[in-house]
2 protein chains.
Amino acid sequence: MTVTGSRGRRERLRAETTAEIKKVALALMASGGPDAITLRAIAREMGMTANAIYGYFPTRDDLVTTLINDVYTALADAVDTAWEATPSADPAVRIEAWANAFRTWALINPQGFRLIYGDPVPGYQAPEGGPAPDAAHRVCTGLTALAAAAWPHARHLYQDSAFDWSDFDPGLLGKVRPAFPDLPPAAVALALRIWGHLHGLVSLEVYGHMRTQTTSPEKLFQEELAQLMRMLGIPRQR
Amino acid sequence: MTVTGSRGRRERLRAETTAEIKKVALALMASGGPDAITLRAIAREMGMTANAIYGYFPTRDDLVTTLINDVYTALADAVDTAWEATPSADPAVRIEAWANAFRTWALINPQGFRLIYGDPVPGYQAPEGGPAPDAAHRVCTGLTALAAAAWPHARHLYQDSAFDWSDFDPGLLGKVRPAFPDLPPAAVALALRIWGHLHGLVSLEVYGHMRTQTTSPEKLFQEELAQLMRMLGIPRQR
DNA sequence: GCGAAAACTATACGCCGTGAAGTTTCTGTA
DNA sequence: TACAGAAACTTCACGGCGTATAGTTTTCGC
């Protein structure tokens with residue numbers, strides 16, 4: 001046993017190489033978009049042969065799946081952090097922090113956003129289970145926390161919601177219901193719709209479709225937040 | 001001069017070939033997604049050499065640009081038709097018709113939706129001007145018509161909107177302002193935000209991100225429409 | 001009927017993912 | 001400590017991609 005642990009030496013090297021592959025892949029993605037993630041480019045960057053990567057990832061799609069997981073987790077971390085870093089007394093401020101963190105992350109990591117939410121890469125097909133849905137559930141759970149924080153104000157607006165628990169994915173509910181035991185299905189539906197609103201504006205902006213419509217997507221998003229408060233029945237501040 | 005017009009014979013064949021290339025490309029896209037649009041595959045399907053296509057489109061991206069234009073125009077036609085086919089007396093019904101046409105088109109043509117709004121194809125970069133922005137402006141104008149129809153109800157909700165005409169693209173305003181001379185900037189901002197809402201929900205559904213959250217995206221969308229009416233100040237029907 | 005232009009093919013280059021086989025380097029054990 | 005075997009990595013190969021260049025066939029206008 002050395003200081004680093006002789007038993008793990010080979011595994012340590014392996015883990016380092018795996019990490020480097022991912023790091024290089026993310027760098028390529030950041031500079032050239034998801035399509036720039038090619039085994040050959042990664043290998044070139046690392047001074048290896050493309051086929052060497054097959055010792056670490058069985059196929060390029062598996063590498064991409066791993067990256068999606070990492071990036072999605074980073075997004076979930078970013079919004080969770082923003083949420084938790086904001087005082088919980090005023091739900092409006094917290095919600096604004098969450099939403100702004102979401103948009104800001106997307107604008108700083110547009111390629112990551114594309115990787116997660118777009119056609120990730122030429123012929124890529126998302127695997128059924130896997131950890132990416134987990135991160136998606138984390139984001140949705142965060143949104144539900146948002147809805148839960150506002151629910152005292154919002155509930156009277158969604159009395160006639162037709163939603164039932166059976167309308168939602170069990171995996172999502174397994175996270176959401178324990179965390180918010182008193183919340184009705186209508187609140188989860190509300191959370192998903194808020195997701196849709198934010199995702200829509202942000203993805204139009206990230207993909208450049210707003211550029212030919214408005215010069216100030218920022219202003220549009222802030223007005224969206226103001227209305228989000230109305231939608232949640234939260235009275236206007238200041 | 002023959003019956004078909006001898007002068008145009010060569011040009012007619014040319015037009016027919018161009019049309020066939022586009023037709024085959026769209027078929028490939030419908031079955032295999034935007035990435036399946038390959039010059040070689042098109043040529044194979046047509047019994048030609050891949051290079052023959054260069055006589056019709058200078059590059060693959062130009063072909064894709066043309067397709068985007070066509071598909072985007074088809075989408076714009078679909079929503080315009082739905083709008084015009086609905087009696088104008090009741091704005092709620094008209095707006096619902098528009099939004100449902102948008103979603104229905106996307107669900108029937110998911111690959112087309114991806115082509116328009118996603119990373120269209122591996123390394124594709126959208127050209128600056130071109131006719132695709134035109135179709136986008138048509139869609140936005142349709143949305144503005146929607147906002148305009150509801151504006152008598154909605155205006156009091158958006159008194160404090162901070163928008164100015166300079167916040168919008170001149171090309172868009174060139175279409176919108178003549179069509180709706182009395183509409184303020186706030187209404188255009190409202191239209192863009194509605195676009196965001198609908199786009200968000202539909203794109204999450206089309207890209208499969210809703211599948212791991214809810215089993216009834218349809219219900220979610222209908223509730224979205226109900227709230228859209230509230231957002232526009234339109235009183236509940238029935 | 002013929003010259004020119006248009007339509008198309010052949011060949012080639014450099015990308016890509018990936019499979020099969022071979023080579024080097026390390027490691028646990030006899 | 002020597003060595004079998006595993007792990008890491010390279011080499012070579014195949015087929016697919018966009019596209020540039022050069023050559024061939026077909027067609028049209030005069």
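Quick note on labels: first sequence line is chain A, next is B, and so on, each numbered from 1.
One finds no salt bridge joining A/R211 and A/E205 here, because no Lys/Arg side-chain nitrogen approaches an Asp/Glu carboxylate oxygen to under 4.0 Å.
The separation between B/D35 atom CG and C/dG17 atom P is 14 Å, rounded to whole Å. For B/R44 and C/dT9, the CZ to C1' distance is 16 Å, given to the nearest whole Å. The distance between atom CG of A/L39 and atom C1' of C/dC15, rounded to the nearest whole Å, is 13 Å. Rounded to whole Å, the distance from CZ on A/R12 to C1' on C/dC26 is 14 Å. For the pair A/Y54 OH and D/dC12 C1', the computed distance is 15 Å after rounding to whole Å.
Take A/E223 and apply the salt bridge (charged side-chain N to carboxylate O under 4.0 Å, His left out) test, not counting sequence neighbours, and it matches no residue. Residues that satisfy the ring pair (Phe, Tyr, Trp, His ring centres under 6.0 Å) test with B/F180, not counting sequence neighbours, are absent from this structure. Taking B/D77 as the reference, B/R138 meet the salt bridge (charged side-chain N to carboxylate O under 4.0 Å, His left out) condition, with sequence neighbours excluded. By the ring pair (Phe, Tyr, Trp, His ring centres under 6.0 Å) test, B/F57 pairs with no residue at all, sequence neighbours left out. Qualifying side chain to side chain donor-acceptor pair (under 3.5 Å) partners for A/Q222, counting only residues two or more places apart in sequence or in other chains: A/N100, A/E218.
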Any protein N or O atoms within reach of nucleotides 6-9 of chain D? Criterion: under 3.5 Å, listing atom names and distances.
from: D/dA8; atom 1: OP1; to: A/R14; atom 2: NH1; distance (Å): 3.2
from: D/dA8; atom 1: OP2; to: A/R14; atom 2: NH1; distance (Å): 2.9
from: D/dC9; atom 1: OP2; to: A/Y56; atom 2: OH; distance (Å): 2.5

